[in-house]
Amino acid sequence: MKIILFSRPTEKSSVENFGALLRSIEAHNFEWVVNSSAAEWLAERGVVATSAERCYDAIADVVTPNSVVISYGGDGTLLSAVRSLGGAPTPILGINSGRLGFLATVSKEEFDVALDALAEGNYCIEQRSMLRIEGDFDVPVTFPLAFNEFSIQRSHMGMIGIKVEIDGRLAANYWSDGALIATPTGSTAYSLSAGGPIVAPTCNCLILTPIAPHNFTMRPIVIPDSSTIRLTIDARDLHALAGIDNESYTISNGASFEITRAEEQVFLVKLQNISFYDTLKEKMMWGLDSRESK
């Protein structure tokens, strides 16, 4: 097995933990490479000096049929790893060095256990859906796929209007701060913060969630992922913002976008002892009942 380590280290990152992860990968006798920016960050701090043949600039250049990507960081790092894969069906394991880590489910204290599981084959691969977005971006978008959500938001203090069509039929006219389309995976991200439902990640559906709607009757709706959704913007300003996961783009008033389920998927490495519901309870205190501690 070949480990493709991907990280976006910052000054808040732990040099010691990152170095320990690399040493553990070597101790497990995995073939490995690391992205050049992370290797440079480690070398500058005198932790690990990585040879040039172990560094890469683009994941696509080093992927092999037996590769597993290990994303070391938070959920944003894992989203960047998905984008860097460019739709390639390479499994990804997220190790969390950040705060919440809902997608990156393995804690930094447990990476030895996770590497043991990889070495022993004690894991499964879970397929997750993505969105494909086509429409009127002001600049070309190199990776028009979203793992969590596609959102349209105001870029000024006034509300924006968003016309929503589903399979060619008018579904809603939102006056709000914006709207988003989420995958089941993204139901626990921005959509949840905007009042959307929690959806099990393997469900075949999409979630349409208004962001701070002006009308009480505008509620989130769950629709089949076979649907084609079109969003058209009516902004009081010349511009608005579109978000594909954690990347944002300027769009012009009147822009229109078509959102469908992508053919490409994300393949997450799931350890046998971690379920979606375990993560909900641990990370989001889902189902917590104060009476149970009394």
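When only modelled atom types and interatomic distance are considered, Ser80 and Arg8 share a side-chain donor-acceptor pair under 3.5 Å. A side-chain donor from one of Arg230 and Ser256 sits under 3.5 Å from a side-chain acceptor of the other. A side-chain N or O of Gln153 and one of Ser151 form a donor-acceptor pair less than 3.5 Å apart. Side-chain atoms of Ser37 and Glu40 include no donor-acceptor pair closer than 3.5 Å. Between Asn96 and Thr105, the side chains place no donor N or O within less than 3.5 Å of an acceptor N or O (distance only, hydrogens not considered). Side-chain polar atoms of Thr228 and Thr260 form no donor-acceptor pair below 3.5 angstrom. Checked by atom type, the side-chain pair His28/Asp112 shows no donor-acceptor distance below 3.5 Å.
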Worked check of side-chain contact (heavy atoms from CB on, under 4.5 Å) between Val164 and Tyr174:
CA-CA 8 Å; Val164 182; Tyr174 294 141; 3.7 Å; yes
Chi angles and distances behind the side-chain contact (heavy atoms from CB on, under 4.5 Å) call for Ser97, Asn17:
CA-CA 9 Å; Ser97 68; Asn17 286 339; over 6 Å; no
Please report the C-alpha distance between Ser129 and Thr183 in whole Å, then the side-chain angles of each, then the deciding distance to 0.1 Å, and finally whether the side chain to side chain donor-acceptor pair (under 3.5 Å) criterion is met.
CA-CA 7 Å; Ser129 61; Thr183 63; 5.1 Å; no
Show the numbers, then the answer: is there a side-chain contact (heavy atoms from CB on, under 4.5 Å) between Arg83 and Ile244?
CA-CA 10 Å; Arg83 195 159 45 247; Ile244 300 179; 6.0 Å; no
Could you go through the side chain to side chain donor-acceptor pair (under 3.5 Å) check for Asp136 and Ser252 one step at a time?
CA-CA 8 Å; Asp136 302 324; Ser252 299; over 6 Å; no
For side-chain contact (heavy atoms from CB on, under 4.5 Å), just list the numbers for Tyr190 and Asn148, CA-CA rounded to whole Å, side-chain angles, deciding distance to a tenth of an Å, and then say yes or no.
CA-CA 8 Å; Tyr190 192 4; Asn148 272 346; over 6 Å; no
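A donor-acceptor contact shorter than 3.5 Å is absent between the side chain of Ser227 and the backbone of Ile229. In this structure, Asp75 contributes its side chain and Ala104 its backbone to a donor-acceptor pair below 3.5 Å. Side chain of Asp225 to main chain of Leu206: no donor-acceptor pair is present (N/O by atom type, distance under 3.5 Å, no hydrogens or angles). Distance alone, capped at 3.5 Å, is enough to place a donor-acceptor pair between the Ser36 side chain and the Tyr56 backbone. Between the Ser24 side chain and the Leu21 main chain, no donor and acceptor come within less than 3.5 Å of each other. Between the Ser187 side chain and the Ile198 main chain, no donor and acceptor come within less than 3.5 Å of each other. When atom types are taken as modelled, the side chain of Arg23 and the backbone of Glu26 share no donor-acceptor pair closer than 3.5 angstrom. Within the 3.5 Å criterion, the main-chain N or O of Val62 finds a donor-acceptor partner in the side chain of Lys2.
Salt bridge status for Arg132 with Glu263: absent, with no side-chain N to carboxylate O gap under 4.0 Å.
Atom OH of Tyr123 sits about 14.5 Å away from atom NZ of Lys270, to the nearest 0.5 Å. Distance check, rounded to the nearest 0.5 Å: CZ of Phe6 to CG of Leu78 gives 9.5 Å. Separating the CD atom in Glu109 from the CD1 atom in Ile95 is a distance of 11.0 Å, to the nearest 0.5 Å. Here the CD atom belonging to Glu126 is positioned 7.5 Å from the OG1 atom belonging to Thr185, to the nearest 0.5 angstrom. Separation of atoms CD1 (Ile3) and CD1 (Ile70) is listed at 4.0 Å; rounding is to 0.5 Å. The structure places SG of Cys205 at 9.0 Å from CD1 of Ile223, a figure rounded to the nearest 0.5 Å.
Cluster membership for Ile207 and Leu192, using ILVMFWY side-chain heavy atoms within less than 4.5 angstrom, is not shared. Leu231 and Val222 end up in different hydrophobic clusters when Ile, Leu, Val, Met, Phe, Trp and Tyr side chains are linked at under 4.5 Å. No continuous path of hydrophobic side-chain contacts links Leu180 to Phe137 [ILVMFWY only; heavy atoms under 4.5 Å]. Hydrophobic clustering (side-chain heavy atoms under 4.5 Å, transitive across Ile, Leu, Val, Met, Phe, Trp, Tyr) groups Val266 together with Val63.
Here Leu170 sits alone; no ILVMFWY side chain lies under 4.5 Å from its own, so it joins no hydrophobic cluster. Grouping Ile, Leu, Val, Met, Phe, Trp and Tyr residues whose side-chain heavy atoms lie under 4.5 Å apart, directly or via other members, leaves Leu241 alone, with no other cluster members.
Atom NE2 of His156 is surrounded by more than 12 heavy atoms from other residues, nucleotides or ligands within 6.0 Å.
Aromatic ring centroids of Phe111 and Tyr72 lie 6.0 Å or more apart.
Relative orientation of the Phe257 and Phe150 rings is tilted, given thresholds of 30° and 60° on the angle between their planes.
Thr232 and Gly254 get closest at one heavy-atom pair: CG2-O, 4.1 Å.
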